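Notes for the one structure printed next.
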Amino acid sequence: MTNDNAPWHAHIYYDAPQRDAAELLRADFAEMMVEDEVPVLFVGRMTDRPIGPHPIPQFEIHFAEPGAPAIVAAIERSGLRALVHPLTDDDVADHTTLGHWIGEPLELDLSVLDPPGENKGVARFGKGDF
């Protein structure tokens, strides 16, 4: 990790019994964003259904690359499963070869992701907004 401005993303997954833990972690990330403890840029809403390439409920956060160690540590402490990845111009690589799983990996629906080179860093993930 070398670029302080490089955008990163994490999807934090949960099932019904883990929802309370996910809500607590989401609140922790929102507090980090307000208190500027780490460079958290965005904390998404809880999505209690599969969406995009994600087969189970999740919420997402966006952060600058220097925040990765703190973000990963917080996710690991929560016991939740997550996919942490950079945001490049290749959505498929971001969610596969460039991604780092915390916990048991999930099989993602890669067919909904943009082909390499189409996203170009636009704040939209996959072929449709969600």
Side-chain angles (χ1 to χ4, degrees):
M1 295 182 201
T2 57
N3 182 346
D4 287 354
N5 295 316
W8 280 65
H9 198 65
H11 302 278
I12 296 89
Y13 299 96
Y14 58 93
D15 56 23
Q18 297 171 318
R19 193 176 199 291
D20 288 345
E23 284 179 347
L24 287 172
L25 181 60
R26 184 183 175 280
D28 287 347
F29 287 140
E31 188 173 312
M32 287 179 187
M33 188 169 73
V34 170
E35 294 181 6
D36 203 26
E37 292 177 32
V38 296
V40 175
L41 307 171
F42 170 80
V43 179
R45 63 184 166 84
M46 305 280 287
T47 305
D48 291 331
R49 61 181 173 77
I51 191 163
H54 310 288
I56 66 172
Q58 57 98 42
F59 72 92
E60 65 185 62
I61 63 169
H62 300 217
F63 55 95
E65 187 173 25
I71 298 297
V72 168
I75 296 168
E76 288 173 343
R77 281 191 306 272
S78 77
L80 296 170
R81 155 189 353 205
L83 174 61
V84 180
H85 63 82
L87 293 174
T88 71
D89 65 351
D90 188 338
D91 283 348
V92 174
D94 291 350
H95 289 81
T96 57
T97 58
L98 298 176
H100 165 74
W101 282 96
I102 298 169
E104 187 69 27
L106 292 167
E107 186 173 335
L108 303 178
D109 179 3
L110 302 179
S111 70
V112 301
L113 297 175
D114 289 329
E118 278 196 21
N119 187 308
K120 304 271 188 219
V122 174
R124 178 183 66 82
F125 306 101
K127 293 181 181 174
D129 295 332
F130 53 86

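Computed from a predicted model, the values in this text were never measured in an experiment.
Proximity of Ile75 to Phe29: side-chain heavy atoms (C-beta onward) are separated by under 4.5 Å at one or more points. Side-chain contact between Glu60 and Thr47 is absent, with no heavy atoms from C-beta onward closer than 4.5 Å.
Of all heavy-atom pairs spanning Val112 and Gly52, the tightest one is CG2-C, 3.5 Å. Heavy-atom minimum distance, Met32 versus Ala74: CE-CB, 4.3 Å. Here the shortest heavy-atom pairing between Ile71 and Val40 reads CD1-CG2, 3.8 Å.
Using a 30° and 60° split on the angle between ring planes, His11 and His54 fall in the tilted class, from 30° to 60°. Using the six-membered ring where Trp is involved, Tyr13 and Trp101 have ring planes that are parallel, under 30° apart on the 30 and 60° scheme.
Hydrophobic clustering (side-chain heavy atoms under 4.5 Å, transitive across Ile, Leu, Val, Met, Phe, Trp, Tyr) keeps Ile61 apart from Leu24.
In this structure, NE2 on His95 lies 11.0 Å from CG on Asp109, to the nearest 0.5 angstrom. Going from atom CD of Gln58 over to atom CD1 of Ile12 covers 8.0 Å, rounded to the nearest 0.5 Å.
The side chain to side chain contact (heavy atoms under 4.5 Å, CB included) search around Ala21 returns Leu80, not counting sequence neighbours. Under the rule for a side chain to side chain contact (heavy atoms under 4.5 Å, CB included), the partners of Arg26 that lie at least two apart in sequence or sit in another chain are Val43, Met46, Phe59. Taking the side-chain hydrogen bond (donor to acceptor under 3.5 Å, both in side chains) definition, one finds that Asp28 meets it with nothing, sequence neighbours left out. Checked against side chain to side chain contact (heavy atoms under 4.5 Å, CB included), Pro55 has the following partners two or more places apart in sequence or in another chain: Leu106, Leu108. Annotation: salt bridge (charged side-chain N to carboxylate O under 4.0 Å, His left out) contacts of Asp15 (sequence neighbours excluded): none. Leu98 is linked by a side chain to side chain contact (heavy atoms under 4.5 Å, CB included) to Pro86, Thr88, Ala93, Asp94, counting only residues two or more places apart in sequence or in another chain. For Glu76, there are no salt bridge (charged side-chain N to carboxylate O under 4.0 Å, His left out) partners two or more places apart in sequence or in a different chain.
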### Task
Dump the intermediate steps for side chain to side chain contact (heavy atoms under 4.5 Å, CB included) on Asp48 and Tyr14, then the final yes or no.
CA-CA 9 Å; Asp48 291 331; Tyr14 58 93; 2.5 Å; yes
